Amino acid sequence: MGKPTGFMEYDKKKVKEKAPLARVKNFEEYTERLSDKDLATQGARCMDCGTPFCHMGIEIRGFAAGCPINNYIPEWNDLVYQGQWKEALERLMMTNNFPEFTGRVCPAPCEGSCTLGINEPSVAIKSIEQSIIDKGFEMGWVQPRIPQKRTDKRVAVIGSGPAGLAAADELNQLGHQVTVYERDDRAGGLLMYGIPNMKLDKKIVERRINLLQAEGIQFVLNTAVGKDITADELKAQYDAVVLATGATKARELRMEGSDARGVVPAMNYLHDVTKSLLDSNFEDERALNVKGKNVIVIGGGDTGADCVATAVRQGCKSVHQFGKHPALPAVRQPEQPWPSDPQVYKLDYAYAEADAKFGGDPREYCIQTKKIVADERGRVKELHTIQMNKIVNDEGYAYFEEIPGTEKVWPADYVFVAIGFQGAESAVAEQFGVKMLNNRVHASRLDYTTNVQGVFAAGDARRGPSLIVWAIKEGREVATQVANYLAETHAIAQ
Ligand SMILES: Cc1cc2nc3c(=O)[nH]c(=O)nc-3n(C[C@H](O)[C@H](O)[C@H](O)COP(=O)(O)OP(=O)(O)OC[C@H]3O[C@@H](n4cnc5c(N)ncnc54)[C@H](O)[C@@H]3O)c2cc1C
Ligand code: SF4
C-alpha cells in the first residue's frame, strides 16, 4: 500500500469527460485521460484491503461482485502510485488480454465492490486500468509476443468478438495455430460494430487486431461459417473448434404498426453508422441519418442509450427513449448489499448529451407503446403510449398496470427498436450438431464442452447477452479447456 492515508486525503477523480455540447459535434471518444499526477493520487486512494473484494469476480444473487477476470487491482493501484507504470502493465496483462477495451467501456463491477465504496466514492479502478494500457502502447511497451515454438494443432475460432479474440490470443500464445473466422468485413464483433466509436474508438480495436495478427493469428473475414464454409469442412481441417458467435438475435417488436417504414432495429442503425464512419467518414451516405428528425428509441437499456448518443450526433430534432421500468434508485438498496455491484441511477454519457442539447433527460420511464401509426405512404408518423405502474405482489412477483388517462401521442420520423436480444443464432451450432438450450449454445459452464467432441462454446453465445469482461473471462477459460483437450487427443468428432 503506497499511502496509508491516501483515501482520506484525496477525492475520487474519473477520466475527464469532454463538455457534452462540444463532444456531440463529432464521433471521437468522449473521454480524456487524467494526468499522471492525478492518476498517482487516485492509486494512492486504494487501501490494499486484506481481502480485496474488488478482484474476487463472483455473482451474488445474479449481480456481479468484483472483477470477473480477477484483475490484480490493489497491486497495480500501488504501482501507479509509485510511478512504476511498466510493472503495473505487466501485472495487468497477466489477467486481462484487452484492458484497452474494459478500461473504456466496462461497467466496472470492481468499483461497486471496493471497500472504500461503503462510505466514500470508490477507487477510480477503471480509469487507472485504461491509463496503464494506454501508456503501455504510447511508450512502446506493448509489442507482438510471437510464440517461440509452434505445435501442430490447429484451432478454428468462429466469431471475432472479445470472447473469440481472448480464446485465440491464449491458444496462440501456447503455440497452437489459430484461425479466427468472422462473417463481417472487420474483426472485433460488438467491439467493432455494436459499441459506437465515441465510447470505444475503432482505431483502438484495430490496433489490437493488428497486434494479434502480428503474433500469428490468422483472420478470415467476410466468411460466414455455415454458409461460406461448412461445419464439416472445419471439422476436417481443425483439431478443435470454438463457437464464439455472440447472442445478437434481436427480439422483435410485435405491435400494431411495427412494420411501418422508419421502424428500424437498433443494431442495424449502430452497425451502419460505424461502418459508414470507418469506410468514408460518412461520405458514402450509406448509413441512416436522422438529421432534423424526431427520433424515438423503444427499449431502456444500453443499446438504446447508444442510439440516443448517435442520433444526437447526427443532429436529430428530438430524441426520447422509452423504458418499461421505473428509474433506478439513487442509492444502493438493501437487496443489493455491498460487495455486490449496485444498480443505481446514473446520467450516462448519452443522457448527459441529450440533456445538454434539448434541456431534459430523454428517458421516459414506465411507458408502454400501444401502437405505431403510419402515414398514407406507410411511413411512421406517431407513437401512442400509456403510462404504467409497476406493482410487486406479496410473493415478490412484479407486474405492470396501465394508468387510465395517461395516454399520449408522440410525433416520430424514426423508431429504433432496442428491446434486447433473444439470444444466439442457432444455425451454426446446429450444423456442427451442437445442441441449443434456451436460445444459447449449450455448453458446460465448467469446461465449455458441447455435446460434440472437440467443439467448445464461449462468450455471449454460451451465456446469453452480457458484457465484454465476461466474454474475455470465458475466452480465457475456454482456451485452457481446449489446450487440455488438445494435449489429450487429436481427434475431432466427424
Ligand atoms: C450496442 C451495444 C453496446 C454495448 N456496450 C457495452 C459496453 O459498453 N460495455 C460492455 O462491457 N459490454 C457492452 N455490450 C455487450 C458486449 O459487446 C458483448 O457482451 C460482447 O461483445 C460479447 O462478446 P462475444 O465475443 O461473446 O460476442 P460478439 O461481440 O457478439 O461477437 C460475435 C462475433 O461472431 C460473429 N459471427 C456470428 N456468427 C458467425 C458465423 N456464422 N460465422 C462467422 N462469424 C460469425 C459475429 O459477426 C460477431 O462479430 C454492448 C452490446 C451492444 C449490442
Ligand atoms: S475489467 Fe471491469 S471489473 Fe475488471 S478491473 Fe477493469 S473495469 Fe473493473
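One-based numbering, in listed order, for ligands and for the atoms of each. Because the structure is predicted, anything quoted here is derived from the model rather than measured.
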Return the set of residues passing salt bridge (charged side-chain N to carboxylate O under 4.0 Å, His left out) with E29 (not counting sequence neighbours), or none when no residue passes.
R104
As a check for students: among T245, V225, I472, identify the option with a heavy atom nearest to atom 37 (C) of ligand 1.
T245
Should the pair F416 and Y269 be assigned to parallel (<30°), tilted (30 to 60°) or perpendicular (>60°) ring geometry?
parallel
Option whose closest heavy atom lies nearest to atom 9 (N) of ligand 1, chosen from N222, V105, I468:
V105
Hey, mind stepping through Y365 and K324 against side-chain hydrogen bond (donor to acceptor under 3.5 Å, both in side chains) and telling me if it holds?
CA-CA 6 Å; Y365 298 101; K324 186 175 165 191; over 6 Å; no
Sorted by chain and residue number, the salt bridge (charged side-chain N to carboxylate O under 4.0 Å, His left out) partners of D361 (sequence neighbours excluded) come out as R363
Nearest non-hydrogen contact with atom 48 (C) of ligand 1 belongs to which option: K249, M192, R104, E182?
E182
Within-2.8 Å protein N/O/S contacts of atom 4 (Fe) of ligand 2:
C67 SG
So, the side chain of E100 versus the backbone of D134: is there a donor-acceptor pair under 3.5 Å, distance only?
no
Given V180, V220, L190, T303, which one has a non-hydrogen atom that is nearest to atom 1 (C) of ligand 1?
T303
Tell me, please, whether F137 has R207 positioned over its six-membered ring: NZ or CZ under 6.0 Å from the ring centre and within 45 degrees of its axis?
yes
For residues 108-117, the side-chain hydrogen bond (donor to acceptor under 3.5 Å, both in side chains) pairs (sequence neighbours left out) are K12-E111
Which ligand 1 atoms does Y181 reach within 4.0 Å, using its non-hydrogen atoms?
43 (C), 44 (N)
Can you check whether F282 reaches L277 side chain to side chain, under 4.5 Å on heavy atoms?
yes
